[in-house]
Amino acid sequence: MLSEHTAVTRRRGVKLAVLSSYTTTQFVSMLRLAAMRHGIGLEIYECLYGQYRQEILDPDSPLYRFGPDVVVLATHAGDLALPEFSETPHQAIEAECARWTSLWRTLAERCDARIIPHNFAVPGTTALGHLAVRTPGALHTMTHALNAALGEASGNAVSIVDCERLAGQFGKARWFDDRYWFISKQAVALDALPLLANHTVAILAAVLGLSRKCLVMDLDNTLWGA
């Protein structure tokens, strides 16, 4: 006999593809655990290391044969084509935004899936130091602007995980750990992966209509916002 949890999990089964530019083996395992807490059963397709672009652009790729309900695009700032410095930052940001949104459009055209991209956590170190914040053409500043541009361009079919905010909450010095990159090409430190997985699944749960709502009342039982 099925337990109540098992039955709920099977009713909310989701085919989820994880396309990434770094090693995501541990991240995928944590996604499964986070999803179970929401009563979501995941069938996961994980692309080969760094093959996210090829999977999206090839109409006969294993991604499309899998037929995902949701696609998580887990990429990191090292995949940006922005220069260290640009004399024309607006054009550079516009071109980079178009490069990523074109991948979203291709996904949307070729499979009926919700797209959940991770935006770009900005490394805490920059060659310009405090000058970066007043230098529009600095990579640090352009990456922040790109995140904002991608948010504006996301539309109804795309739900972005704000990795820049999560990295700031977790601590940039801990989120970025070069040891993990050089040892196993992991762009996010192991200690930060549970946080990233939980927030990714929280967005998935919202897409599925599983997010919780709260009624706020004052002491004399007046319901505000009704």
Side-chain angles (χ1 to χ4, degrees), residues 2 5-80 98-121 150 153-163 166 184-188 190 192-211:
L2 292 177
H5 178 268
T6 302
V8 169
T9 297
R10 291 191 176 179
R11 284 201 302 271
R12 297 171 178 171
V14 173
K15 296 181 73 174
L16 183 143
V18 178
L19 308 182
S20 65
S21 60
Y22 58 90
T23 301
T24 53
T25 304
Q26 288 83 0
F27 174 62
V28 165
S29 297
M30 293 180 189
L31 279 178
R32 291 187 189 277
L33 293 174
M36 288 176 63
R37 295 178 58 192
H38 290 269
I40 303 170
L42 295 182
E43 179 184 352
I44 297 180
Y45 170 74
E46 183 181 4
C47 83
L48 296 176
Y49 170 78
Q51 298 296 302
Y52 68 95
R53 191 174 298 277
Q54 292 89 326
E55 291 267 2
I56 294 171
L57 297 179
D58 180 2
D60 298 318
S61 70
L63 166 68
Y64 298 119
R65 292 199 295 273
F66 175 67
D69 303 308
V70 177
V71 176
V72 172
L73 191 55
T75 54
H76 66 107
D79 282 283
L80 296 177
R99 196 168 74 93
W100 290 99
T101 55
S102 68
L103 293 178
W104 299 352
R105 284 195 301 272
T106 300
L107 272 171
E109 290 167 0
R110 293 179 178 173
C111 65
D112 184 21
R114 186 73 179 188
I115 304 167
I116 303 180
H118 292 173
N119 75 1
F120 301 100
L150 290 173
S154 58
N156 295 326
V158 177
S159 300
I160 295 176
V161 179
D162 190 357
C163 290
L166 294 180
S184 56
K185 291 295 184 287
Q186 292 188 122
V188 181
L190 289 179
L193 288 180
L195 178 68
L196 180 57
N198 284 332
H199 279 264
T200 301
V201 170
I203 287 181
L204 171 60
V207 168
L208 297 175
L210 303 178
S211 56

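- Considering only residues two or more places apart in sequence or on other chains, L48 meets the side-chain contact (heavy atoms from CB on, under 4.5 Å) condition with Q51.
- For the atom pair Q186 CD and T23 OG1, the distance stands at 5.5 Å (nearest 0.5 Å).
- Taking 4.5 Å as the limit, every side-chain heavy atom of T75 sits out of range of all side-chain heavy atoms of P117.
- Taking every heavy atom of both residues into account, I203 and S159 meet most closely at CG2-CB, 3.5 Å.
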For this session: Show your reasoning for whether side-chain contact (heavy atoms from CB on, under 4.5 Å) applies to L63 and Y52.
Result: CA-CA 9 Å; L63 166 68; Y52 68 95; over 6 Å; no
For this session: Take R37 and N198 through the test side-chain contact (heavy atoms from CB on, under 4.5 Å) and record every step on the way to the result.
Result: CA-CA 10 Å; R37 295 178 58 192; N198 284 332; 3.9 Å; yes
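- Here the CG-CG distance, from L150 to D162, works out to 11.0 Å after rounding to the nearest 0.5 Å.
- The line from CD1 of I40 to CG of L42 is 6.5 Å long, rounded to the nearest 0.5 Å.
- In this structure, Y22 and D79 have side chains that are not in contact, with every pair of non-hydrogen atoms separated by 4.5 Å or more.
- Inter-residue side-chain proximity for L166 and V161 is flagged as met; some heavy-atom pair is nearer than 4.5 Å.
- Every residue was checked against the ring-ring contact (aromatic ring centres under 6.0 Å, His included) condition with H199, not counting sequence neighbours, and none meets it.
- Counting heavy atoms from C-beta on, the side chains of P62 and Y45 come closer than 4.5 Å.
- The line from CG of L19 to CD1 of I116 is 12.0 Å long, rounded to the nearest 0.5 Å.
- Between the CD atom of E55 and the CD atom of E46 there is a distance of 11.0 Å, given to the nearest 0.5 Å.
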Problem set entry | Verdict with reasoning, F27 to V188, per side-chain contact (heavy atoms from CB on, under 4.5 Å) | CA-CA 9 Å; F27 174 62; V188 181; over 6 Å; no
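- For the residue pair Q54/S61, the side-chain donor-acceptor check at 3.5 Å is not satisfied.
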Taking distance alone, no hydrogens or angles, what donor-acceptor pairs closer than 3.5 Å link side-chain atoms of residues 103-112 to residues at least two apart or in another chain?
{"unit_1": "T106", "atom_1": "OG1", "unit_2": "S102", "atom_2": "O", "d": "2.9"}
{"unit_1": "R110", "atom_1": "NH1", "unit_2": "I56", "atom_2": "O", "d": "3.1"}
{"unit_1": "R110", "atom_1": "NH1", "unit_2": "L57", "atom_2": "O", "d": "2.7"}

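- Between the side chains of S20 and H118, not a single donor N or O lies within less than 3.5 Å of an accepting N or O.
- Note that CH2 of W100 and CG of L80 are 6.5 Å apart. Values are rounded to the nearest 0.5 Å.
- Taking every heavy atom of both residues into account, L16 and V18 meet most closely at CD2-CG2, 3.3 Å.
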